[in-house]
Each structure stands twice: as C-alpha cells, then as structure tokens.
Amino acid sequence: MGGMSAETARRVLLAAPRGYCAGVDRAVIAVEQALEQYGAPVYVRHEIVHNKYVVRMLEKKGAIFVEETSEVPPGEIVIFSAHGVAPEVHREAERGKLATIDATCPLVTKVHKEAVRFAQDGYDILLIGHEGHEEVIGTTGEAPEHITLVDGPQDVANVEVKNPEKVVWLSQTTLSVDETMETVDALNEKFPKLISPPSDDICYATQNRQTAIKQVAAESDLVLVVGSPNSSNSVRLVETALAHGAADGHLVDHAGEIDEAWLDGVATVGVSSGASVPDVLVEGVLEWLAERGYGDVEVVQPVQEHMQFSLPKELRRDLRAEAATKVADA
C-alpha cells in the first residue's frame with residue numbers, strides 16, 4: 001500500500017457481537033460461585049474456557065486446573081469445562097468419589113444428546129470437527145463405535161460408513177460456518193441419503209461473530225481478533241476475516257502481542273474477539289490503537305444477541321439449600 005497520506009482517516013471498526021457467549025459466561029460464573037460457596041480449592045478438569053487470561057484469573061482465586069479427573073483428590077469438587085466430557089469421565093468422577101459440577105455449554109450438551117439418539121437408532125454419525133479438540137473428544141465418547149470424525153472438506157474422500165442408507169452429520173459448535181457447509185456438500189455428494197441434525201450444531205455465538213467479522217473485514221486493511229491460539233472459534237474468526245476481504249489478520253491474546261509493523265499503510269483496523277474473551281482485553285487493544293492515532297471507533301453490529309443460560313443445576317441446588325438454611329437460621 002505504501003506510505004499513508006496525511007488525509008487518510010484512521011479508524012477502528014469494532015465488531016458486535018463479540019466476546020463472551022452465554023455458555024462461557026455461565027462456565028466462568030460457575031467456577032467463581034463454586035469458589036465462593038465451597039471455598040478454595042475447586043478443581044477444574046481442563047481449561048474451563050479456552051482463554052489464558054480467564055484461566056489465570058480463576059487460578060488466582062483458587063481454582064486448580066487438571067488435565068485428568070484422576071488428578072483430583074478423593075472427596076473434592078471437580079468442575080467440567082464448557083467443552084463437555086465423555087460419559088467415561090463422569091464414571092471416573094464417581095469412582096474417585098468426587099462431587100461434580102457440570103459447566104458443559106447447553107448447546108454442546110444438545111449435540112451429545114443427538115449423538116446418543118442417532119447411535120441408538122443405528123446411524124453412522126459423521127462428526128465434523130477438529131481432531132483432538134476437547135469438544136470433539138467429549139461428543140465422540142457418547143458413541144465411539146458409531147462416530148467418524150470428518151476434519152474439513154478434504155477429509156471426505158476417506159470417509160467410510162457401514163450403511164450408506166443410515167448416515168447423519170453432526171458438528172463441533174465452534175467451526176467456520178462456510179467451511180462446514182462445504183464439508184456437508186461434499187458428504188452429500190458421497191452419501192445422497194445423508195440426513196442433517198434437527199437444528200444446526202454450530203452455535204449462535206459462533207455464527208454471529210462470523211457474520212459480524214465478515215462485514216468488518218470487507219472494509220478493513222487489518223483485522224485483529226483477540227483470543228487464545230487454542231480457541232477454535234477465535235482462530236476461525238481470523239480465517240473468516242481473511243476470506244472476506246481483510247488484507248491482513250492476526251490473533252492476539254492481548255494488546256501486548258500486537259506488532260506495530262502491522263499498522264504500516266493501514267487506514268482501517270477491524271477488531272473482534274472470540275467467545276471466551278473478556279471485554280477488558282478488547283478495551284486494552286482499543287486503547288493501544290487510540291494511542292497510535294486510531295481513536296475513531298465505529299461499532300458494526302449486524303446481529304443482536306440476547307441468549308442467557310441458567311447456572312449448572314448442582315450449583316442452583318446448593319444455592320437454594322444455602323438460602324433456605326439462612327431463612328431457617330433467621
């Protein structure tokens with residue numbers, strides 16, 4: 001692009017919706033409430049949500065993150081992350097005499113239930129998702145002998161099923177909407193009898209953040225997505241921005257990771273954040289940009305969001321019991 005002329009206006013296009021989705025909000029509050037109610041430590045199996053800042057913040061409050069349930073001492077509380085777990089993990093917790101709080105996102109639970117139902121009906125399930133992602137491991141664990149992972153359109157050629165008459169596709173909730181539909185199209189060609197899940201598995205928040213970033217990317221020279229590298233939905237946002245007109249795009253955990261060289265010749269910076277990112281990190285990026293002449297911020301909001309989920313039932317039960325005790329003591 002070359003040097004910038006004095007009259008080129010610098011601006012920021014801020015995507016909305018961005019940041020916390022209902023499932024993340026619920027999971028983070030669940031850990032905070034558990035710490036408040038039962039006292040530290042509270043154990044969490046796997047990162048509660050895929051964000052470094054959030055995990056560190058909860059560690060400071062007394063949460064202990066473990067990779068496996070077996071690392072939790074008997075009689076302690078273990079919280080399952082928003083990504084969900086396989087049934088075997090629930091059994092491990094029972095064997096270890098652990099109290100569990102299940103902070104699995106309800107939209108992930110929905111996919112688990114679909115997997116169980118289609119497996120019971122004798123279907124081959126083609127699960128579109130990324131190998132090794134916790135959500136995929138959890139869903140696959142519901143019916144391992146029925147589920148085949150399909151990791152993108154290029155994977156379709158290798159897919160084999162027992163009975164092409166009974167095939168259904170499901171998906172991880174945090175994928176690229178466009179790429180998933182490409183994969184489904186390819187699967188449809190291979191298996192004409194393929195059926196779809198009752199409702200789309202890609203969650204509302206993933207879809208909305210991608211819709212917003214597409215609109216922002218079309219007018220941006222550079223797109224900055226705030227999020228951690230292991231956050232699938234955040235990584236997809238950068239890919240979506242680059243596929244929809246952004247000349248350049250980067251994933252950063254916080255403002256400290258932005259390289260000033262990226263701003264060379266840039267008039268418009270698009271900013272968004274993944275579904276596990278607290279807005280304080282986005283504010284930091286906006287401040288960083290304002291200090292460099294990008295103080296004019298315009299919000300781009302193609303969709304409104306109003307989704308909220310109630311807390312995990314185990315916490316609700318104990319909070320009610322506690323309230324009842326307080327009334328009895330009064």
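Computed from a predicted structure; not experimentally measured. Excluded from the calculations below are hydrogen atoms, water molecules and symmetry mates; all remaining heavy atoms, backbone and side chain alike, are included.
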**OP:** Dump the intermediate steps for side chain to side chain donor-acceptor pair (under 3.5 Å) on Thr174 and Gln172, then the final yes or no.
**Re:** CA-CA 6 Å; Thr174 52; Gln172 186 181 327; 3.0 Å; yes
Subject >> Test side chain to side chain donor-acceptor pair (under 3.5 Å) applied to Glu135 and Thr173, step by step >> reply: CA-CA 8 Å; Glu135 189 189 321; Thr173 58; 2.8 Å; yes
Heavy-atom distance under 4.5 Å between the side chains of [X] and [Y], does that happen here?
| X | Y | value |
| --- | --- | --- |
| Val168 | Ser196 | no |
| Leu58 | Tyr53 | no |
| Ile128 | Leu170 | no |

**OP:** With rounding to the nearest 0.5 Å, note down the distance linking CG in Leu251 to OG in Ser273.
**Re:**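 So the gap between those two atoms works out to 10.5 Å.
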Original post:
Under the 3.5 angstrom rule, does the side chain of Gln210 hit a backbone N or O of Asn233 as a donor-acceptor pair?
Top reply: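 Here the side-chain-to-backbone pair does not exist.
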Original post:
Out of Glu59, Lys52, Met57, which residue meets the side chain to side chain contact (heavy atoms under 4.5 Å, CB included) rule with Val55?
Top reply: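 For Val55, the side chain to side chain contact (heavy atoms under 4.5 Å, CB included) check succeeds only for Glu59.
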Identify whether the distance between the nearest side-chain nitrogen and carboxylate oxygen of [X] and [Y] falls below 4.0 Å.
| X | Y | result |
| --- | --- | --- |
| Arg56 | Glu47 | no |
| Asp201 | Lys110 | yes |
| Glu239 | Arg236 | yes |
| Lys162 | Glu145 | no |
| Asp279 | Arg18 | yes |
| Asp185 | Lys190 | no |

Original post:
What residue among Phe118, Phe191, Trp169 forms ring pair (Phe, Tyr, Trp, His ring centres under 6.0 Å) with Tyr123?
Top reply: Phe118
Original post:
So which pairs with a foot in residues 225-253 pass ring pair (Phe, Tyr, Trp, His ring centres under 6.0 Å), sequence neighbours left out?
Top reply: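 Qualifying pairs, neighbours excluded: His250-Trp262.
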Cluster check [X], [Y]: I/L/V/M/F/W/Y, side chain < 4.5 angstrom:
| X | Y | result |
| --- | --- | --- |
| Phe309 | Val24 | no |
| Val85 | Val66 | yes |
| Ile258 | Val238 | no |

Subject >> Trace of the side chain to side chain donor-acceptor pair (under 3.5 Å) decision for Asp102 with Thr104 >> reply: CA-CA 6 Å; Asp102 191 352; Thr104 302; 2.5 Å; yes
Original post:
Is a side-chain donor-acceptor pair under 3.5 Å present for His146 with Asp124?
Top reply: no
**OP:** Please say which of Glu88, His90, Arg95, Glu92 ends up in a side-chain hydrogen bond (donor to acceptor under 3.5 Å, both in side chains) with Thr69.
**Re:** Glu92
**OP:** Apply side-chain contact (heavy atoms from CB on, under 4.5 Å) to Asn158 and Val150, showing your working.
**Re:** CA-CA 9 Å; Asn158 316 316; Val150 184; over 6 Å; no
Original post:
Run the side-chain contact (heavy atoms from CB on, under 4.5 Å) check on Val252 and Val225 step by step: do they pass?
Top reply: CA-CA 6 Å; Val252 294; Val225 174; over 6 Å; no
**OP:** Answer yes or no: are there more than 12 heavy-atom neighbours, outside Glu189 itself, under 6.0 Å from its atom CD?
**Re:** no
**OP:** Given side-chain contact (heavy atoms from CB on, under 4.5 Å), test Asp248 with Val223 step by step and report yes or no.
**Re:** CA-CA 6 Å; Asp248 190 16; Val223 166; over 6 Å; no
Original post:
Yes or no on side-chain contact (heavy atoms from CB on, under 4.5 Å) for Arg316 and Lys313, after CA distance, side-chain angles and deciding distance?
Top reply: CA-CA 5 Å; Arg316 291 204 306 272; Lys313 61 181 187 300; 3.9 Å; yes
